[in-house]
Protein chains: 2
Amino acid sequence: MSTARKAPTMADVARLAGVSPMTVSRAFKRDSSVSETTREAILQAADSIGYVFDSTASNLRSQKTDFVAVTIPSINNANFAETLRGLSDGLKDRGLQILLGYTDYDIAEEERLVEQLLRRRPEAIVVTGGRHTARTRRLLENAAIPVIETWDLPDAPIGHVVGFSNAAAVRGMVDHFVARGLTRIAFIGGDADRDTRGTDRREGFIAAMRAHGLDATRLIAAGAPPISMREGAAAMGRLLDTLPDTEAVIAVSDLSAFGALTECQRRGVAVPGRISIAGFGDYEIAEVAVPALTTLNPFPREIGSRAAGLILDVLDGRQTTPARVEIRPELLIRASSR
Amino acid sequence: MSTARKAPTMADVARLAGVSPMTVSRAFKRDSSVSETTREAILQAADSIGYVFDSTASNLRSQKTDFVAVTIPSINNANFAETLRGLSDGLKDRGLQILLGYTDYDIAEEERLVEQLLRRRPEAIVVTGGRHTARTRRLLENAAIPVIETWDLPDAPIGHVVGFSNAAAVRGMVDHFVARGLTRIAFIGGDADRDTRGTDRREGFIAAMRAHGLDATRLIAAGAPPISMREGAAAMGRLLDTLPDTEAVIAVSDLSAFGALTECQRRGVAVPGRISIAGFGDYEIAEVAVPALTTLNPFPREIGSRAAGLILDVLDGRQTTPARVEIRPELLIRASSR
DNA sequence: ATGGCCCTTGGTATCGTTACCGGGCGGGCG
DNA sequence: CGCCCGCCCGGTAACGATACCAAGGGCCAT
């Protein structure tokens, strides 16, 4: 209809329906004591004048926003998207809405983001990773809402944790290769410390190799994280050029692992005949690729749904102490490493 | 520190800094007239008691939320993620934050979502697609904020549009195959009408084939949209079983196209020797796959950034009439079809 | 010296909803 | 028959920031 007129309020609806604003308010809440007939009359009146409930006023008065803040490193990552999905689905029945921000794998950006999100007064906040700036940590500690760190198992959590050890997961992968008799193993990852999970994986690789008494210097830095298929392919190219006797490659993610695989295909290097390849994340590409890629499934969807469940438990008072939910990534041995 | 104490307000900060709440308010706004010394004193006082600005109160009083609502079909889709990225980056300098919801490719779900989002009083709303329920349309028309439909070119737009014709894009793909002398062309897509863009693409395929006087019945329904790599592979399997003389395949997306490609590899069917394959979306996989996949780049990032620019233009009064920004998808002919 | 302007700061009312308290009315029970 | 309780509804104040109006002080020009 018109666009200039001021938006109707509950008072307008109340006048039209012949009730008090208070009753209109009740009619818009789920479990409130309004007779069914008046409720319907009110909703009908509201609809007729195009009234749309105003959360901003409700939020202020009730001191509740029904927001859950979430930070992820990147929107464009199937794993984090799955976590988000698990979170979103677990929260929407309760009318909780996700307020999302992405950090671009940068903890300084995370700090800005967290402050911006806290201004909106969310009921809980979920962050990815267990490493933060001092100020971020302080902000989260003072926020007086449930804080959940995910995708990691920090030594000193801020509040709750739903995650796994990236280092331990990679160790399992190294063990797998060693058990197969492969010893000249390389690691392809990003080159900065920005991606803390990627760094943890690389360090887990180094520690695991040393534990086996093996050379842990075949490290290929493939560019600024997050590295993707193209970077994975380029990194594999350099690896084949400089260390042609490499027998196995562990990539920081399935995407880079797949890129590495395609580079082998372009060069006629047999996988797994001459080189075995493994990734991380159990992306769909890992299963569909020919050969299918050995990988680790960190159950990203479950991370989200467990976090959502935890939030509801805390808000309902069923959980009163900091929880530490450990996810156990599953090693999926596929054709690319056997 | 403590978690039980009530959160400090501007009044607390004002008391501590020895100024009025009004001045504290100004200190937290960017371009307001406060002397630099008092501003710093105020911010320092705020920090010392852990004050965090409360947007909920600000939103109500100023009737501004700095939210831009966005609906996308799925979080877990690289194309929409790119659009989101373009939007987010284009809006964040202005302090506008995205309020995201996903519809799961369902316009009934979209209706619920749009209402929920409008309750938060966003300054603008961006929706994916040009088909909506009648009520969604009414809600958007009455919202008195800029409405932008994307990823489509609707005949009767609600407000602004940033998109392209899915049907026309596929026509270009058909033309490409026909020009190469291929006539027995199949289309792999989802089986329902839920994914309106997928449906548009299939219909564009049929229309284009008929325009060339070719048989447009090689249609493989690959399951509930969005179909992905696995479904693409399965669909290709069925196609090879039932219509083995097919010369070319157009898939509704690169993901399903890649799945189809892998099925060919598993069966020893040469691509493009015996079958040419094309996808849609210019996902990274299309470029990295061996052979690289012919595809269409719809410039998803640009859709987002153009939408963001449009929002700023409208909010600043530089754009006063409904805009129709047409994106021209680029046909990328790669090894899989030559 | 006085008027006027800019910069900075304060006071008051208000955004639209809901927490809280209170009251009318009808029915069940002693 | 009276009392009590539960259901349904209304009035009032308040959530915390800011729009709006106003004023004090410093500085320049007349």
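All values below come from the heavy atoms of this structure, side chains included, with hydrogens, waters and symmetry mates left out. Residue numbering restarts at 1 for every chain, and letters A, B, ... go by the order of the sequence lines.
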| Salt-bridged, A/K92 to A/D66, with N to O below 4.0 Å? | no
| request: May I ask you to verify if any side-chain N or O of A/S35 is less than 4.0 angstrom from the OP1 or OP2 atom of D/dC9? | output: yes
| field | Electrostatic pair A/R112:A/E109 at N-O distance under 4.0 angstrom | value | yes
| query | Do A/D54 and B/R121 meet the salt-bridge criterion of a basic N to acidic O distance under 4.0 Å? | reply | yes
| request: Report yes if a donor N or O on one partner sits less than 3.5 Å from an acceptor N or O on the other, where the partners are the side chain of A/R61 and the base of C/dT17; otherwise report no. | output: no
| said: Using whole Å, what does the distance between atom C1' of nucleotide D/dC8 and atom NZ of A/K29 come to? | reply: 17 Å
| said: Looking at B/Q63, I'd like to know whether one of its side-chain N or O atoms comes within less than 4.0 Å of OP1 or OP2 on D/dT18. | reply: no
| Has A/T38 got a side-chain N or O lying under 4.0 Å from the OP1 or OP2 atom of D/dC9? | yes
| query | Is any side-chain N of the basic residue among B/R94 and B/D316 closer than 4.0 Å to the acidic one's carboxylate O? | reply | yes
| field | Whole-Å gap separating C1' (D/dC9) and CZ (A/R39) | value | 13 Å
| Given D/dC8, is OP1 or OP2 found less than 4.0 Å from the side-chain N or O atoms of A/T23? | no
| Is A/R120 close enough and on-axis enough to B/F53, meaning under 6.0 Å and within 45°, for cation-pi? | no
| message | Between P on C/dT14 and CG on A/L60, what's the gap in Å once rounded to a whole number? | response | 16 Å
| Separation of A/F28 atom CZ from C/dT18 atom P, in whole Å? | 10 Å
| field | Nearest-nucleotide comparison on DNA chain C, the residue closer to the 5′ end among B/V34 and A/M22 | value | B/V34
| request: Check whether any side-chain nitrogen or oxygen of B/T9 sits under 4.0 Å from OP1 or OP2 of D/dG16, and answer yes or no. | output: no
| message | I want to check one thing: is the phosphate of D/dA17, taken as OP1 and OP2, less than 4.0 Å away from some side-chain N or O of B/Y51? | response | yes
| field | A/S58 side-chain N/O to C/dT18 phosphate OP1/OP2 under 4.0 Å | value | yes
| message | Applying a 4.0 Å non-hydrogen cut-off, can you work out what B/V24 is touching in the nucleic acid: base, sugar-phosphate, or nothing? | response | nothing
| So, is A/S33 near the phosphate of D/dC8, with a side-chain N or O under 4.0 Å from OP1 or OP2? | no
| Gap between atoms CD1 and P, on B/I42 and D/dA17 respectively (whole Å) | 13 Å
| Starting at CE of B/M10 and ending at C1' of C/dG11, how long is that distance when rounded to a whole Å? | 16 Å
| Starting at CZ of B/R26 and ending at P of C/dC7, how long is that distance when rounded to a whole Å? | 14 Å
| Separation of atom CZ in A/R119 from atom P in D/dG16, rounded to whole Å | 16 Å
| said: Under 3.5 Å, is there any donor-acceptor pair linking the side chain of B/R121 to the base of C/dG16? | reply: no
